[in-house]
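Working notes for the structure below.
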Amino acid sequence: IPGVEHGINAIQPVEGGIYIGTAIKGVFFTSDMGSLWHQRSSGLTNLGAMEIRAFTVREDEIFVATIGGGIYKNSITNPGVWSHFSEGIPWNTSWSIYSLKNIDGDLYAGGGVNAYYYRNRKNTSVWEEIPFDWFTGEANGMLAFEKYSGGIVASSNLAIYKSNDGGINWLKYSPGVGLIEKSDIMVKGNNIVVTLSKSAR
């Protein structure tokens, strides 16, 4: 992909093609399995909006998380200009969005480092701010969310959490590895696998 020398941070297959989110060049789309890529970043105008971190899909809409620009949405079947979708997320502390996940129609976003995450209920336009831990002064933002048979599992800069009430209350497990920069979660059967990556690799 021309000009994407700083790498790809997110990949999202959709009906009819594949979206990718780049480090500083915004969003690209292909309808032919990568033979030809098209820039699809119109509307990503806030500071940091071209730094893509994650995608998720809900019905006919695709949502993108940015590092510094908040969250945007677009149509999948009739794509146009991305529209900002961050009402309820404080711009000064939480517009850097590290994770974005559709769980049963509700969107879960991890933003900022103050031990809050953000939830957007289906058919609503406003995000709720919900605490997941006490803020102790150490950076602590949600890095990943995933559904499992008993509820939701999530990982943050400091710990791993599980919730069985839709993300209101969380049980905490501290792996004791220090500050975590990136995380992913996979669920297969009864197994939950969490990967944790430190900034020092």
Side-chain angles (χ1 to χ4, degrees), residues 1 4 6-32 34 37-114 116-130 132 141-147 152 154-155 166-167 182-185:
I1 305 171
V4 186
H6 295 289
I8 296 168
N9 292 338
I11 302 173
Q12 180 65 58
V14 297
E15 186 70 30
I18 303 169
Y19 282 88
I20 64 162
T22 70
I24 59 172
K25 298 289 187 177
V27 175
F28 288 78
F29 178 80
T30 181
S31 59
D32 56 11
W37 291 92
H38 304 279
Q39 177 92 32
R40 194 168 278 185
S41 300
S42 181
L44 301 178
T45 55
N46 286 319
L47 185 65
M50 297 291 275
E51 175 84 17
I52 308 302
R53 185 63 177 260
F55 292 107
T56 198
V57 169
R58 182 169 64 185
E59 296 179 342
D60 183 48
E61 291 183 312
I62 183 168
F63 299 81
V64 62
T66 72
I67 299 299
I71 298 170
Y72 294 79
K73 68 175 182 177
N74 208 335
S75 169
I76 294 174
T77 55
N78 295 295
V81 175
W82 291 92
S83 60
H84 204 230
F85 191 69
S86 294
E87 185 178 347
I89 303 177
W91 71 268
N92 57 334
T93 59
S94 299
W95 268 18
S96 285
I97 308 295
Y98 310 114
S99 56
L100 190 59
K101 185 75 175 182
N102 179 353
I103 299 178
D104 297 330
D106 294 334
L107 302 183
Y108 289 76
V113 294
N114 296 332
Y116 286 94
Y117 79 94
Y118 300 87
R119 181 177 61 191
N120 172 254
R121 296 290 199 185
K122 187 177 180 180
N123 298 322
T124 68
S125 60
V126 178
W127 293 85
E128 309 166 84
E129 185 177 61
I130 303 172
F132 63 86
M142 284 294 200
L143 301 176
F145 296 91
E146 189 57 79
K147 181 181 178 180
I152 301 170
S155 55
K182 288 188 177 182
S183 177
D184 281 304
I185 303 172

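Please read these numbers as outputs of a predicted model, since none were measured by experiment.
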Which heavy atom of [X] sits nearest to which heavy atom of [Y], and what is that distance?
X: W127; Y: L100; answer: CH2-CD1, 3.9 Å
X: S94; Y: G111; answer: OG-O, 3.8 Å
X: S155; Y: S183; answer: OG-OG, 2.6 Å
X: S75; Y: D60; answer: OG-OD2, 3.1 Å
X: I76; Y: P79; answer: O-CD, 3.5 Å
X: A49; Y: L44; answer: CB-C, 3.7 Å

Evaluation steps, side-chain contact (heavy atoms from CB on, under 4.5 Å), between M142 and F132: CA-CA 9 Å; M142 284 294 200; F132 63 86; 3.5 Å; yes
Would you indicate whether the side-chain heavy atoms of [Y] and [X] approach each other to under 4.5 Å?
X: M50; Y: I24; value: no
X: I20; Y: V27; value: no
X: I67; Y: S96; value: yes
X: W82; Y: S42; value: no
X: Y118; Y: P90; value: yes
X: I89; Y: I71; value: yes

Without placing hydrogens or testing angles, list every side-chain donor-acceptor pair under 3.5 Å for residues 7-14, not counting sequence neighbours.
from	atom 1	to	atom 2	distance (Å)
N9	ND2	I52	O	2.9

Would you tell me whether [X] and [Y] have side-chain atoms, one donor and one acceptor, within less than 3.5 Å of each other?
X: N120; Y: R58; answer: yes
X: S83; Y: Y72; answer: no
X: Y116; Y: E129; answer: no

Whether the side chain of [X] engages the backbone of [Y] through a donor-acceptor N/O pair (distance < 3.5 Å, no angle test) should be reported.
X: N102; Y: G105; value: yes
X: N114; Y: G141; value: no
X: S99; Y: G110; value: yes

Set of salt bridge (Lys or Arg N to Asp or Glu O under 4.0 Å) partners for K101, sequence neighbours left out: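 K101 satisfies salt bridge (Lys or Arg N to Asp or Glu O under 4.0 Å) with E146 only.
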Set of residues satisfying ring pair (Phe, Tyr, Trp, His ring centres under 6.0 Å) with respect to [X], sequence neighbours excluded:
X: F55; answer: none
X: Y117; answer: Y108, F145, W170
X: Y19; answer: F29

Derivation of the ring-ring contact (aromatic ring centres under 6.0 Å, His included) call for W95 and H84: CA-CA 11 Å; W95 268 18; H84 204 230; 4.6 Å; yes
Residues D106, K122: salt bridge by 4.0 Å N-O rule: no
K147 vs D104, side-chain contact (heavy atoms from CB on, under 4.5 Å): CA-CA, chis, key distance, verdict: CA-CA 9 Å; K147 181 181 178 180; D104 297 330; 2.8 Å; yes
Those residues that, when tested against S41, pass side chain to side chain donor-acceptor pair (under 3.5 Å) (two or more places apart): Q39
CD1 on I1 to CH2 on W37, rounded to 0.5 Å: 4.5 Å
Ring center gap for F63 and F85 short of 6.0 angstrom: yes
